[in-house]
Amino acid sequence: MKRPNGRATSADGGGGDHGATSGPERKCGFNPMKLMGAFLVSVMGFSVLFSVSVVLRDPPSDGLWPVVEARNLDFAHQKAILEENSHAQPVEVPKDKLLGDLLAPGFDEGSCQSRYQSLLYRRGVPQKASSYLISKLRSYEARHKKCGPYTSSYNKTVEDLKSGRHSSTPECNYLVWISVSGLGNRILTLASAFLYALLTDRVLLVDRGVDIHDLFCEPFPEASWLLPLDFPLTTEFSIFNQSSHQSYGNVVKSNSTESAPRPYMYLHLLHDYDDQDKLFFCDQDQAHLQRIPWLVLKSDNYFVPSLFLMPSFEQELHSLFPDKDTVFHFLGRYLFHPTNAVWGLISRYYEAYLSKADATIGIQIRVFDVSPGPFKHIFDQILSCTTRESILPEISQQEGGVVGSTTTQKRRVSVLITSLSSGYFEQIRDLYWENPTTAGEVVAVFQPSHEIHQQSEKQNHNRKAWAEMYLLSLTDKLVTSSWSTFGYVAQGLGGVKPWILHKPENHTVPDPPCRRAMSMEPCFHAPPFYDCKARTGIDTGAVVPHVRHCEDMSWGLKLFQHHSQ
């Protein structure tokens, strides 16, 4: 990384030059003594300017850091990560810490360090959100501030809810997201809920569950997104399910959608939802839901792809996301900022193990088996994939390593493994310890944790899980496991298209072992297959070119950027 050129501070020299020539003559007549004096002053000024320019030509790099820090960017982190890393040649960190105005200004930076420091850990130029999405986010923030917890609008609507009254013209409408399932699922469904709130002019309020407030900073300025603990329906969240009489599916079954609007409606969009629950994705049913001030949502799916199949949302979504495969990338970068406790885990680990590498590779291993492993066929599949696709450095068959000067700077590769089992990490680590690489790379293999079993109810487990998702999103190349929401979050935040390990059958290595994803979007695992107009079943993966079936789940749906778009 080149140091900032000293000539960037030439404004100081310009001021000096102006001072050396600022002595005007008082008389217009010729005066030899005054002329000689002016000449001597000019010579002295030129000498001083020349000396200053020499000193500033290549000043110590530390001399410029206080100036940069005045821009509210913590470049001390950037220096620690990127200095003396000439082989990596990282793109210069963008000066726009708001990610092209995707993020709102006005936050206390110390309360959430990751909000503005995270861009220092990502290589490459951030993707640019559409101006319409940015405008929509600013409008939403104003609405959230006006209608958020304990505002007059919120208090009035809550009183109506408690009394069972329905206001025909409420000032604010709300979507309450209930925290269920594992962390990866929660992140994906929360992003889905927020997009639905954007589309329907609702205010999103988040059930904090056991640890939402411990994992994520507040994303909206001047108003909390956390549902107040005294919200009147909180005690019922755990018993809401498919059979609840307050669910929209059961209201449809009872043919009471045309009756007097209710003060609230429960939306059951979990994986076990039935055909009536799935009518949520039909325009005519959305018309009924728009009359209800409080919608309470429970889901474990990334249901965004089906929103793109609804004609009433089509034009708005196209304006928000001209590139269809960037939805979760932008919503994720906007919503999910690790708290300082989690950011400490991320930044310390990155600086200790990944920052000096010329290339970083993430391998996310999720085995859907009773035992977490390690399994030989999974290890063989990982090696087959990473060798065939030239992801990991090639192992040399010669003993003793590559012949060459020991003083030659070698390419450093850091491999980050995430898995519940430590076995795969140990095998890959030993492979590169016991064998040289053909090109002489220095390969270091790391694994932050190995929890053996998923423990979604434990705070520290979820902190580590969130930190590891985020660390994976910072790698240059990414390998993920089929069906894993953990991997979906990492690829979406990182804005990368991973290589997906095919799901093995009968403990054998699939052929091919993996494939490159065509989109960085997550997969909707349980979509409806229904034509709302024709009232009949259809293949919803063949309706529009930008919603197709997932690479890792043949019945799932995901967003793609069609070439004609």
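In this text, all values refer to a predicted model and were calculated from it rather than measured experimentally.
- Using the six-membered ring where Trp is involved, Tyr349 and Phe446 have ring planes that are perpendicular, over 60° apart on the 30 and 60° scheme.
- Formation of a donor-acceptor pair under 3.5 Å by the Arg122 side chain with backbone atoms of Ser473 is found in this model.
- For the side-chain hydrogen bond (donor to acceptor under 3.5 Å, both in side chains) with Lys558, the qualifying choice from Glu521, His549, Glu551, His546 is Glu551, the only one to do so.
- By the 30° and 60° cut-offs, the orientation of the rings of Trp483 relative to Phe368 is tilted.
- Among the candidates Leu471, Leu474, Ile361, the single residue satisfying the side chain to side chain contact (heavy atoms under 4.5 Å, CB included) test with Leu416 is Leu471.
- Looking at Ser449 and Glu468, their side chains do bring a donor and an acceptor atom within 3.5 Å of each other.
- The aromatic rings of Phe240 and Tyr266 sit parallel to each other, their planes meeting at less than 30°, with 60° as the upper class boundary.
- Distance alone, capped at 3.5 Å, places no donor-acceptor pair between the Ser384 side chain and the Asp380 backbone.
- Within 6.0 Å of atom OH in Tyr353, 12 or fewer heavy atoms from other residues, nucleotides or ligands are found, so the atom counts as exposed in its surroundings.
- There is no side-chain donor-acceptor pair under 3.5 Å between Ser312 and Gln286.
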Discussion item. Go through it in stages, so that I can follow the logic: the residues are Ile378 and Gln427, the test is side-chain contact (heavy atoms from CB on, under 4.5 Å), and I'd like the CA-CA distance, side-chain angles, deciding distance and then a yes or no.
Written reply: CA-CA 11 Å; Ile378 297 293; Gln427 290 173 307; over 6 Å; no
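- Checked against salt bridge (Lys or Arg N to Asp or Glu O under 4.0 Å), Glu389 has no partners two or more places apart in sequence or in another chain.
- Crowding of His507 atom NE2: a count of heavy atoms from other residues, nucleotides or ligands under 6.0 Å exceeding 12.
- Panel note: side chain Gln447, backbone Ser419; a donor-acceptor pair is recorded below 3.5 Å.
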Fill in: Pair Phe328-Ile187, side-chain contact (heavy atoms from CB on, under 4.5 Å): steps then yes or no
CA-CA 10 Å; Phe328 180 74; Ile187 290 174; 3.8 Å; yes
Discussion item. Go through it in stages, so that I can follow the logic: the residues are Tyr196 and Trp177, the test is ring-ring contact (aromatic ring centres under 6.0 Å, His included), and I'd like the CA-CA distance, side-chain angles, deciding distance and then a yes or no.
Written reply: CA-CA 11 Å; Tyr196 178 70; Trp177 174 86; over 10 Å; no
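- Judged purely by atom type and a 3.5 angstrom limit, Asp476 uses its side chain to pair as donor or acceptor with the backbone of Thr360.
- When atom types are taken as modelled, the side chain of Asp552 and the backbone of Ser481 share no donor-acceptor pair closer than 3.5 angstrom.
- By the salt bridge (Lys or Arg N to Asp or Glu O under 4.0 Å) test, Asp300 is found to be paired with no residue, residues two or more places apart in sequence or in another chain being considered.
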Worksheet item: Step by step, would you call Tyr140 with Phe194 a ring-ring contact (aromatic ring centres under 6.0 Å, His included)?
Response: CA-CA 10 Å; Tyr140 175 83; Phe194 178 66; 5.1 Å; yes
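- The aromatic rings of Trp466 and Tyr470 lie perpendicular to each other, with more than 60° between the two planes, well past the 30° mark.
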Practice prompt. Determine, stepwise, if the pair Arg388 / Asp511 fulfils salt bridge (Lys or Arg N to Asp or Glu O under 4.0 Å).
Written response: CA-CA 11 Å; Arg388 183 181 300 197; Asp511 186 18; 3.6 Å; yes
All N/O donor-acceptor pairs, side-chain side in residues 428-436, below 3.5 Å, sequence neighbours left out:
from	atom 1	to	atom 2	distance (Å)
Tyr432	OH	Pro393	O	2.6
Asn435	ND2	Leu431	O	2.9

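- Not one N or O on the side chain of Thr540 forms a donor-acceptor pair closer than 3.5 Å with the backbone of Ser306.
- Within the 3.5 Å criterion, the main-chain N or O of His525 finds a donor-acceptor partner in the side chain of Trp555.
- In this structure, Gln381 contributes its side chain and Val509 its backbone to no donor-acceptor pair below 3.5 Å.
- Side-chain atoms of Asp325 and His329 include no donor-acceptor pair closer than 3.5 Å.
- The ring-ring contact (aromatic ring centres under 6.0 Å, His included) search around Tyr530 returns none, not counting sequence neighbours.
- Remark: Glu314 CD is loosely packed, at most 12 non-hydrogen atoms of other residues, nucleotides or ligands lying under 6.0 Å away.
- No more than 12 heavy atoms of other residues, nucleotides or ligands sit less than 6.0 Å from atom CD of Glu394.
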Worksheet entry | Check against side-chain contact (heavy atoms from CB on, under 4.5 Å), Arg463 and Leu215 | CA-CA 6 Å; Arg463 281 187 178 184; Leu215 300 175; 4.0 Å; yes
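- Relative to the six-membered ring of Phe237, Lys298 misses at least one condition, a distance below 6.0 Å or an angle of at most 45° to the axis.
- Asp285 contributes no side-chain N or O that, together with a main-chain N or O of Phe280, makes up a donor-acceptor pair within less than 3.5 Å.
- For Lys253, the salt bridge (Lys or Arg N to Asp or Glu O under 4.0 Å) test picks out Asp274, with sequence neighbours left out.
- For Lys324 (side chain) and His562 (main-chain N/O), no donor-acceptor pair under 3.5 Å exists by modelled atom type.
- The salt bridge (Lys or Arg N to Asp or Glu O under 4.0 Å) search around Glu218 returns none, not counting sequence neighbours.
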